[in-house]
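One structure is given below, encoded as structure tokens.
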There are 2 protein chains.
Amino acid sequence: MTETRLTEKTAGIRDVAARAGVSQTTVSHVLNATPHTRVSEETAARVRVAAEELGYRPNRLARGLRTQASEMIGLLTEEIATTPHAGRIILGAQEEASRHNLTLAIINSELNPDPEVPPVQVQAFLDRQVDGIIYATVYHDEIVAPENLSARPAVLIGARDSSGILPAVLPDERAGAVAVVEMLVARGHRRIAFAASAEDVPATRGRLGGYLEAMAAAGLPTEGLVAEGSSDARGGYTATNALLDAGPTALFCYNDRMAMGAYRAAGECGLSIPGDLSVVGFDDQAPIPESLFPPLTTVALPHYEMGAWAVDALYAVVSGSGERATSFAPTLLPCPLVERESVAAPRA
Amino acid sequence: MTETRLTEKTAGIRDVAARAGVSQTTVSHVLNATPHTRVSEETAARVRVAAEELGYRPNRLARGLRTQASEMIGLLTEEIATTPHAGRIILGAQEEASRHNLTLAIINSELNPDPEVPPVQVQAFLDRQVDGIIYATVYHDEIVAPENLSARPAVLIGARDSSGILPAVLPDERAGAVAVVEMLVARGHRRIAFAASAEDVPATRGRLGGYLEAMAAAGLPTEGLVAEGSSDARGGYTATNALLDAGPTALFCYNDRMAMGAYRAAGECGLSIPGDLSVVGFDDQAPIPESLFPPLTTVALPHYEMGAWAVDALYAVVSGSGERATSFAPTLLPCPLVERESVAAPRA
DNA sequence: CTGAAAGCGCTTACAG
DNA sequence: CTGAAAGCGCTTACAG
């Protein structure tokens with residue numbers, strides 16, 4: 001009873017060889033199209049037919065053991081649960097992995113306070129003989145990577161390695177913020193306020209920095225136009241109320257959640273968006289932008305792209321097609337502006 | 001230059017055996033604590049020390065090949081990108097997998113219209129010799145599972161199999177909706193409206209059905225208290241406006257996005273929440289509930305739990321500790337009510 | 001209580 | 001152009 005399933009023996013390379021009347025060697029050569037190996041087209045055809053008829057699928061576990069390449073890459077996400085967009089990192093990594101015929105294994109980890117202790121999660125991947133490891137952290141900008149990470153090629157997402165030895169990819173938040181201001185200025189705004197986050201995380205500095213930089217570049221004042229709040233709707237509400245006195249025509253919020261609070265604050269003051277006040281968010285955090293009235297113009301984080309980039313970077317090393325970590329500067333991926341309906345020219 | 005990394009040869013079971021002065025067999029027995037095998041404590045200790053000193057980690061690829069069990073399970077998600085909560089399914093599955101020393105591999109698939117064609121994604125898992133497959137779909141309630149899925153133990157998340165042969169786990173949306181109405185009734189509400197979704201998906205039927213059922217059970221009227229809208233903020237806005245004339249004291253929305261629209265509609269009519277109108281959502285879709293003023297009472301979907309349940313179900317089969325699919329009824333997991341601040345007793 | 005040997009299903013020098 | 005044989009790193013009857 002228990003072996004009903006076990007009887008479904010699947011065909012092995014041996015079966016294909018027997019059916020085609022050739023050796024396993026030959027089967028392997030034709031199916032893998034081994035370079036520098038000539039097999040007569042006739043024989044090759046026979047092998048392919050046999051494989052087809054038997055529904056032969058190479059056992060990749062066996063293959064991996066022999067070639068010392070599992071064709072598997074491990075994605076270690078830090079606190080995926082709490083970061084809304086982590087799913088897109090996974091998606092980008094997975095799709096890119098499939099493109100290279102790689103399989104993506106996933107492990108989530110809690111925030112790891114002590115970099116000295118090698119995470120068991122990394123060890124779990126190493127035990128699996130993964131060809132490479134992606135470590136995705138979303139909160140820090142610089143981390144000291146767990147040392148056992150380097151047992152395999154590894155790349156970082158969302159953080160740069162303090163030793164500067166690991167390739168890393170990060171969102172270019174500063175440039176994203178600059179683009180927002182430039183767009184607003186192009187639309188005719190001059191009094192552009194910024195609702196900043198009180199949290200001290202890299203994103204805070206990058207976005208505020210980009211705003212300040214672009215305002216300065218445009219020769220626009222910022223005094224009295226920056227207020228802080230918690231990085232949620234409540235904080236956006238508070239910051240907006242503090243900012244409205246300064247009479248801004250546009251309000252750039254640290255993130256979409258704060259923008260939600262800004263909408264409410266504006267509504268309470270009888271200000272219509274974008275007629276009386278243009279509002280821009282950051283994160284493109286579903287489902288906020290689409291759910292607001294009017295839909296929120298914001299800037300998207302390149303989560304999918306970072307996931308795909310990381311797999312590509314690993315693939316380049318693993319497949320030998322790329323150099324190993326030649327540069328120490330992390331790669332910055334653009335944060336595209338996604339325009340919806342919360343921005344208009346200021347009232348004349 | 002290219003082999004700098006390759007020289008870091010990691011210790012194998014052979015090295016441990018040599019160092020401990022025993023055979024590989026013995027090493028394997030003590031490290032795996034093979035049942036029915038007695039090894040003197042003295043020898044065992046020597047082995048453990050040697051393994052420790054060498055930092056020996058068994059190669060799980062090799063182990064899997066030999067034991068015919070990859071200890072890997074594959075999670076196939078359908079359109080993860082578009083479903084906001086899919087991340088929690090992955091998290092639940094991953095953590096439960098780790099608990100059983102299983103590794104979770106992930107592949108995402110597009111919506112598959114034709115069940116006849118065996119998805120390549122399933123094949124990719126089979127090639128990897130996964131011990132089991134989880135197929136997570138979030139939109140359908142009944143699907144005809146791809147046939148190659150049955151090459152391994154498989155379980156479904158979010159859909160029941162039309163053949164009734166695969167174990168399946170689904171959220172008990174109906175019970176969740178019933179709980180909402182009961183809570184509202186207990187708080188003293190009698191005119192409870194429902195903002196329904198115009199989409200014809202299982203969730204629509206389950207939630208509306210639960211509402212109707214509970215209202216009937218409480219002997220409360222529903223005529224004129226149900227309106228439809230698209231299942232987004234805009235639809236919630238529309239439906240709410242249509243419903244307000246009926247003078248409900250509480251409004252139960254199909255989902256949180258519609259609730260967002262309801263908040264706006266209520267605000268425009270000068271109705272305060274929950275003072276003039278209690279509002280309840282469904283989905284607990286971050287970041288909406290926490291971002292609304294006041295925070296939204298809603299019901300959560302058991303995504304994490306379904307992911308964990310699926311892995312457990314697979315583990316039971318794979319480890320032989322459980323019977324194989326004895327029941328044909330899908331398992332319904334509870335959708336917990338999460339109370340925040342959008343509900344109050346109706347004004348006297 | 002311990003070990004020699006076979007074998008999981010492949011790939012890959014090497015030989016012919 | 002094709003094949004015999006070794007070996008990837010383990011586990012597991014089987015024997016002693």
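Keep in mind that what you see is a predicted model, and the values were worked out from it rather than measured.
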### Query
Distance-only, no hydrogens or angles: does the A:N32 side chain make a donor-acceptor pair with backbone N or O of A:H29 under 3.5 Å?
no

### Query
Is it true that A:E95 and A:R99 have a side-chain N and a carboxylate O under 4.0 angstrom from each other?
yes

### B:R57/A:D127 salt bridge by N-O under 4.0 Å criterion
yes

### Task
Please report the closest heavy-atom contact between A:V47 and A:T26, naming both atoms and the distance.
CG2-CG2, 4.4 Å

### Side chain B:T67, main chain B:R63, donor-acceptor under 3.5 Å
yes

### Message
D:dG3, OP1 or OP2 - any side-chain N/O from A:T26 closer than 4.0 Å?
### Response
yes

### Task
Summarise how protein sits on nucleotides 9-16 of chain C as a single string, 5' to 3': B when a protein heavy atom is under 4.0 Å from the base, S for sugar-phosphate-only contact, - for no contact.
BBBBB---

### Task
Provide the Watson-Crick or G-U wobble partner of D:dG16, both distances under 3.5 Å; none if there is no partner.
C:dC1

